[in-house]
Amino acid sequence: GRDDPELPKQKSHIKQLQDNIAWAASLRKSNPKFVCTVTSVVRPGRVAEARRVMEYCFSVGADFSIQHLTVMTEDVGAVPSPELVADPEFPAFLDAMIEAKRDGKTVSGSELYLRTIRDRKRFACTPTVVPHVDFRGQVAYPCRELKGYVKVDLLAAGSLKAAMKE
């Protein structure tokens with residue numbers, strides 16, 4: 001959940017968002033190649049909200065992904081923030097994601113990646129097959145978890161092809 005105090009008062013907006021996600025996820029039935037992925041930002045003290053988003057995604061057939069609050073460290077690179085790791089709900093949530101993945105639910109990220117996040121260890125990224133574009137229109141290559149990764153503004157570059165040349 002956002003830290004917007006007005007959001008809880010806007011139940012119709014939340015319902016509309018949920019209806020749109022359910023509709024998009026239903027498109028997989030007629031086109032198995034179509035994927036609707038919902039990404040939830042996980043922050044300290046807000047893990048329960050991310051868990052509810054995950055459960056909703058599973059209930060409507062949407063894929064689920066997390067973006068954890070991240071800090072850069074000299075020795076490891078990008079890792080979950082110490083405050084998030086200290087939140088006792090966070091490792092339990094990652095364990096629940098791993099279990100859901102084993103049960104066949106569509107959870108983004110490998111078990112190795114989810115365990116690495118949970119344990120705050122160094123993650124070895126490999127170049128992505130499908131570039132990831134974040135909410136600001138930035139492409140990170142090979143991945144943002146590596147220190148010194150390349151970040152390109154997709155909107156400024158004009159196209160993904162142009163961004164990948166930078």
Side-chain angles (χ1 to χ4, degrees), residues 1-4 6-43 46-70 78 80 84 89-90 92-118 123 125-146 149-166:
R2 286 179 40 204
D3 288 334
D4 183 347
E6 295 300 311
L7 191 59
K9 299 174 191 172
Q10 300 175 8
K11 297 210 185 290
S12 66
H13 289 91
I14 295 169
K15 174 77 169 99
Q16 183 178 10
L17 177 62
Q18 289 174 321
D19 290 347
N20 287 337
I21 292 168
W23 169 79
S26 76
L27 296 177
R28 184 180 276 172
K29 292 174 188 163
S30 61
N31 181 357
K33 292 182 180 181
F34 182 83
V35 175
C36 172
T37 303
V38 174
T39 302
S40 182
V41 176
V42 184
R43 298 184 358 195
R46 304 301 290 260
V47 177
E49 286 90 344
R51 186 183 291 266
R52 285 196 299 274
V53 171
M54 178 180 75
E55 290 165 358
Y56 175 75
C57 287
F58 295 159
S59 76
V60 298
D63 291 14
F64 179 72
S65 175
I66 63 165
Q67 176 59 58
H68 51 82
L69 180 64
T70 304
L84 183 57
E89 288 186 74
F90 184 63
F93 177 53
L94 288 168
D95 287 339
M97 288 179 65
I98 291 167
E99 189 62 34
K101 190 171 191 64
R102 288 179 183 162
D103 288 344
K105 301 281 194 309
T106 49
V107 175
S108 194
S110 67
E111 282 190 41
L112 174 63
Y113 177 72
L114 295 171
R115 283 193 311 270
T116 300
I117 292 170
R118 179 195 63 203
F123 186 76
C125 293
T126 56
T128 58
V129 175
V130 179
H132 173 76
V133 180
D134 71 13
F135 69 96
R136 292 174 299 237
Q138 308 262 321
V139 178
Y141 188 84
C143 74
R144 26 175 240 103
E145 281 80 8
L146 290 179
Y149 68 89
V150 176
K151 180 170 57 174
V152 180
D153 184 334
L154 181 62
L155 299 175
S159 71
L160 182 58
K161 186 175 181 179
M164 294 309 285
K165 286 182 180 180
E166 289 190 27

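Predicted, not measured: the structure shown is a model, and the values here were computed from it.
Looking at S108 and F64, their side chains never come closer than 4.5 Å, going by heavy atoms from C-beta outward. Using a 4.5 Å heavy-atom cutoff, the side chains of R43 and L84 are not in contact.
Every residue two or more places apart in sequence or in another chain that forms a side chain to side chain donor-acceptor pair (under 3.5 Å) with T106 is listed here: D63. By the side chain to side chain donor-acceptor pair (under 3.5 Å) test, R118 is found to be paired with D95, residues two or more places apart in sequence or in another chain being considered. E111 pairs by the side-chain contact (heavy atoms from CB on, under 4.5 Å) definition with I98, K101, R102, R115, not counting sequence neighbours. Residues forming a side chain to side chain donor-acceptor pair (under 3.5 Å) with K15 (at least two apart in sequence, or on another chain): D19. Qualifying side-chain contact (heavy atoms from CB on, under 4.5 Å) partners for L17, counting only residues two or more places apart in sequence or in other chains: I21.
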Distance-only donor-acceptor pairs under 3.5 Å for side chains of residues 52-61, two or more places apart:
| unit_1 | atom_1 | unit_2 | atom_2 | d |
| --- | --- | --- | --- | --- |
| Y56 | OH | Q18 | O | 2.5 |
| S59 | OG | Y56 | O | 2.7 |

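Within the model, atoms CD of E49 and CZ of F93 stand 10.5 Å from one another, a figure rounded to the nearest 0.5 Å. Once rounded to the nearest 0.5 Å, the distance linking OG of S40 with NE2 of H68 reads 12.5 Å. Between the CZ atom of R51 and the CE atom of M97 there is a distance of 10.0 Å, given to the nearest 0.5 Å.
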Working for side chain to side chain contact (heavy atoms under 4.5 Å, CB included), residues T39 and I66: CA-CA 5 Å; T39 302; I66 63 165; 5.9 Å; no

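Side-chain N or O atoms of N31 include one that pairs as donor or acceptor with a backbone N or O of K33 at under 3.5 Å.
The two residues A24 and C36 make their nearest non-hydrogen contact at CB-SG, 3.8 Å.
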